[in-house]
Amino acid sequence: MPASLVLLLTGGLLNQDPALSLGGTRSLFTPQGDLFDEVSPDECRVGDVEHRALDLVNAGNQTARQVVLWAEGPNPPELGLGLLEDRRKALRHEGEEPERVVFGVWPQAAPLAVPETPPQKGFRVWLRRTVAPGSPRVEAAAVLRWRYL
């Protein structure tokens, strides 16, 4: 089978809730629905930063090459992406900043390049949603997309 990238939640082997996908053990489940909750009026007024950790795994038997990632969602808020190979640490809550992750904004026009991904290996992908104080109310939608050879 050629390379086949799959996105999995984190937060425990049986976690199916994106809100609990905060690092630690990889889940057996893919995200269903929105990765982030709807931004409340209070969060729009004072601002908010939330994180999610997902694992991008090559389930195929050939190396995935030229892998790139980007985030899509309503604007605002800002959606940042970062990679980390260390998967052991889980956040205590979604507002906690993950250690050693450098976030950047990576749209489809300028996606984040990921190293070649051998079969059965992957990377921890961190998403950060930043809602600036005074932002208009926005929907929850945040989508992580990728392409590879």
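Because the structure is predicted, anything quoted here is derived from the model rather than measured.
Looking at His51 and Glu96, their side chains never bring a donor and an acceptor atom within 3.5 Å of each other.
Nearest heavy-atom pair, Ala64 versus Tyr148, reported as atom, atom and distance to 0.1 Å: CB-CD1, 4.0 Å. A pairwise comparison of heavy atoms in Phe123 and Glu116 identifies CE1-O, 4.3 Å as the closest pair. The shortest non-hydrogen separation linking Trp106 to Leu69 is CB-O, 4.1 Å. For Leu22 against His93, the heavy-atom pair with the smallest separation is CD1-C, 4.0 Å.
Although no hydrogens or angles enter the test, the distance criterion places a donor-acceptor pair under 3.5 Å between the side chain of Asp17 and the main chain of Ala19. Although no hydrogens or angles enter the test, the distance criterion places a donor-acceptor pair under 3.5 Å between the side chain of Asn58 and the main chain of Thr117. Checked by atom type and distance alone, the side chain of Arg124 pairs as donor or acceptor with a backbone atom of Gly24 at under 3.5 Å. Side chain of Ser27 to backbone of Thr25: no donor-acceptor contact under 3.5 angstrom is found. In this structure, Ser21 contributes its side chain and Ala53 its backbone to a donor-acceptor pair below 3.5 Å.
In this structure, Pro98 and Phe103 have side chains that are in contact, with non-hydrogen atoms separated by less than 4.5 Å. For the pair Val114 and Leu83, the minimum side-chain heavy-atom distance is below 4.5 Å. Side-chain contact between Leu144 and Leu81 is present, with at least one heavy-atom pair separated by less than 4.5 Å. A 4.5 Å side-chain heavy-atom check between Leu9 and Leu54 finds at least one atom pair inside the cut-off. With a 4.5 Å cut-off on side-chain heavy atoms, Leu28 and Leu14 count as touching. The shortest distance between side-chain heavy atoms of Gln32 and Gln16 does not fall below 4.5 Å. Taking 4.5 Å as the limit, every side-chain heavy atom of Arg52 sits out of range of all side-chain heavy atoms of Pro31.
Other residues, nucleotides and ligands place no more than 12 heavy atoms under 6.0 Å from the CD atom of Glu99. Under a cut-off of 6.0 angstrom, the local environment of NZ in Lys121 is sparse, with at most 12 non-hydrogen atoms contributed by other residues, nucleotides or ligands.
The pair Asp37-Arg129 meets the salt-bridge criterion, since a charged nitrogen lies less than 4.0 angstrom from a carboxylate oxygen.
With respect to Glu97, the salt bridge (charged side-chain N to carboxylate O under 4.0 Å, His left out) criterion is satisfied by exactly one of Lys89, Arg92, Arg128: Arg128.
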